[in-house]
Amino acid sequence: MTMGTKTWHLALVIVLMMILNLSTISRVDGEQQVPCYFIFGDSLLDNGNNNALQSKVKANYLPYGIDFPAGPTGRFSNGRNIADITAELLGFVEYIPSFATARGREILKGVNYASGGAGIRDETGQNLGTVISFSKQLLNHKTTVSRIVSLLGDEKSTEKNLSKCIYTVGIGSNDYINNYLMPQFYPTSRLHMPDQYAALLIEQYSQQLKTLYSYGARKVALFGIGPIGCTPGNIATYDTNGSLCVDFINKAVQEFNIRLKTLVDNLNHNLQDAKFIYVNVYGISSGPLAGLQGPNPCCSVANIANNGGILTCIPFSPPCPVRALEVFYDATHPTEAANLVVAGRSYVSLLPSDTHPIDIRQLARL
């Protein structure tokens, strides 16, 4: 057996063990654990909010959704994204609807506000067209909360209900990919060193999260930024100097992640009844599945190195045949297999470093 074959078999065992473990957790936990689940973020969590926008960041066409029961829906993967898998683990029978499609009483189960290209900063991703920034997502949530008050009859009932719900926020990657790392569109990299920029992002993010708290959120999981220096898009764009990844990018996002973990502690200390947790996506993604089949996208992507930030699949191009063993579906987004690992280890920590101070399953039980 060659070393390549051994690695392939090891990866297959890891994926199968993760799938079996998540299935067991779902059966044991049984019924829906929280009344509702709200999702904020970017394309890693988007489930269709960009479909009707004047944006280059869309995934409502094949080969996206090739392994998803409903086909192409706007999810930037071959199948389920992290939010979908988390919803299953929390016991939801149906996936959380996008803000663009949510109607009537279905908002009582939660809403997904995530938008491909979105960032903490309002200008982030504007080079790609219209995106729904985190600030705008919060405004959309304010609208949803008002509708829930109308449905439940009063603010006190709404406040009690929302305090039991799970909120996940995965934002920040585009503040690097489609802002700091694009000096042709944005001045941020000329104005700020990486540590200064990370501090600015965290300062704004802190205020936004306090706004979310003011709208009733109490149980909030904050997903850190993954090793985006290891994506096919960035590897094709930058000189890696013999490394497997673009080190200066990974070091920059770690400046953000370190501060985000500290922010979680500060929010928990300063906000009454707040229960924020940090999900170490960087550490989880740097484990056995990272770079499984090399830094190549599963689908065909046009001119990765010179494509102006557009890292998505060519419409209707055939994807790779064995998607369960790939990490990247396009030049920046993970496959369902990779999403299973991140979602699974954020829900139940495999290592103490996966989440801080607790994992999502423990958060749901509080």
Side-chain angles (χ1 to χ4, degrees), residues 37-88 92 94-103 106-107 109-119 124-134 136-137 140-141 144 168 170-171 173-174 177-178 231-233 297-304 307-320 323 326 328-340 343:
Y37 175 31
F38 295 100
I39 302 142
F40 303 81
D42 53 33
S43 54
L44 295 177
L45 301 172
D46 188 356
N47 66 342
N49 285 307
N50 276 23
N51 290 354
L53 300 182
Q54 294 297 313
S55 174
K56 298 176 183 177
V57 191
K58 295 187 181 184
N60 57 342
Y61 58 87
L62 288 171
Y64 291 108
I66 193 169
D67 299 313
F68 192 74
T73 58
R75 290 166 169 84
F76 291 78
S77 187
N78 59 302
R80 294 167 293 171
N81 62 26
I82 293 170
D84 296 323
I85 299 163
T86 302
E88 290 177 349
F92 286 88
E94 298 179 345
Y95 297 124
I96 305 302
S98 66
F99 179 75
T101 62
R103 296 292 182 271
E106 67 179 342
I107 66 173
K109 294 289 186 180
V111 178
N112 186 329
Y113 305 94
S115 171
T124 290
Q126 296 297 323
N127 54 297
L128 301 171
T130 303
V131 300
I132 308 168
S133 68
F134 186 36
K136 292 179 181 177
Q137 291 177 35
N140 289 340
H141 183 57
T144 297
T168 57
I171 201 87
S173 295
N174 285 302
I177 298 171
N178 284 298
T231 63
C298 177
C299 71
S300 298
V301 181
N303 300 319
I304 292 178
N307 211 20
I310 304 170
L311 304 171
T312 47
C313 300
I314 295 174
F316 308 108
S317 59
C320 62
R323 295 176 289 278
E326 297 287 345
F328 294 104
Y329 194 60
D330 57 21
T332 192
H333 300 106
T335 58
E336 181 182 82
N339 286 330
L340 272 168

Exercise. Ile132: what forms a side chain to side chain contact (heavy atoms under 4.5 Å, CB included) with it, not counting sequence neighbours?
Worked result: Asn49, Leu53, Ser115, Lys136, Gln137, Asn140
Problem set entry | Asn47 side chain vs Ile96 backbone, donor-acceptor pair below 3.5 Å | yes
Seminar exercise, completed: Heavy-atom nearest pair, Gly74 first then Asn51, reads CA-OD1, 3.5 Å
Seminar exercise, completed: Sorted by chain and number, sequence neighbours left out, side chain to side chain contact (heavy atoms under 4.5 Å, CB included) with Thr124 holds for Arg121, Asn174, Asp175, Asn179
For this session: Look only at the side chain of Asp46 and the backbone of Gly116, and say whether a donor-acceptor pair between them is shorter than 3.5 Å.
Result: yes
Problem set entry | Student check: side-chain heavy atoms of Tyr329 and Phe76 closer than 4.5 Å | no
Seminar exercise, completed: Interatomic distance, OG@Ser98 vs CD1@Ile39, rounded to 0.5 Å, equals 10.0 Å
For this session: Apply the side-chain contact (heavy atoms from CB on, under 4.5 Å) test between Cys298 and each candidate in Ser77, Pro63, Pro319, Pro334; give the one that qualifies.
Result: Pro319
For this session: Check Asn81, Asn78, Asp84, Ile66 against Glu336 for a side-chain contact (heavy atoms from CB on, under 4.5 Å) and give me the one that passes.
Result: Asn78
Exercise. Which pair of non-hydrogen atoms, one from Pro297 and one from Pro232, has the smallest distance, and what is that distance?
Worked result: CD-CB, 3.8 Å
Seminar exercise, completed: What one should report as the nearest heavy-atom pair of Ala52 and Lys58 is C-NZ, 4.4 Å
For this session: Would you confirm whether Glu106, through its side chain, and Arg103, through its main-chain N or O, come within 3.5 Å as a donor-acceptor pair?
Result: yes
Exercise. With sequence neighbours excluded, what pairs up with Thr73 under the side chain to side chain contact (heavy atoms under 4.5 Å, CB included) test?
Worked result: Phe68, Ala70, Arg75
Exercise. Within the side chain of Asn50, is there an N or O that forms a donor-acceptor pair under 3.5 Å with the backbone of Val131?
Worked result: no
Exercise. Is the backbone of Tyr95 close enough, under 3.5 Å, to the side chain of Tyr37 for a donor and an acceptor to pair up by distance?
Worked result: no
Exercise. SG-SG distance between Cys313 and Cys299 under 2.5 Å?
Worked result: yes
Exercise. Rounded to the nearest 0.5 Å, how far apart are CD1 of Ile107 and CZ of Phe38?
Worked result: 7.5 Å
Exercise. When rounded to the nearest 0.5 angstrom, what distance separates CG in Leu128 from CG in Asn178?
Worked result: 4.5 Å
Seminar exercise, completed: Contacts of Thr332 meeting side chain to side chain contact (heavy atoms under 4.5 Å, CB included) (sequence neighbours excluded), chain-then-number -> Ile177, Thr231, Leu311, Asp330
Exercise. When you measure from the side chain of Gln54 to the backbone N and O of Thr130, does any donor-acceptor pair fall under 3.5 Å?
Worked result: no
Problem set entry | Ser55: side-chain hydrogen bond (donor to acceptor under 3.5 Å, both in side chains) partners, not counting sequence neighbours | none
For this session: Quick one: sort the His141 and Tyr113 rings into parallel, tilted or perpendicular, breaks at 30° and 60°.
Result: perpendicular
Seminar exercise, completed: To the nearest 0.5 Å, atom CG of Asn112 lies from atom CZ of Phe40 at 9.0 Å
Seminar exercise, completed: Taken in chain and number order and not counting sequence neighbours, the residues that satisfy side-chain hydrogen bond (donor to acceptor under 3.5 Å, both in side chains) with Ser300 are none
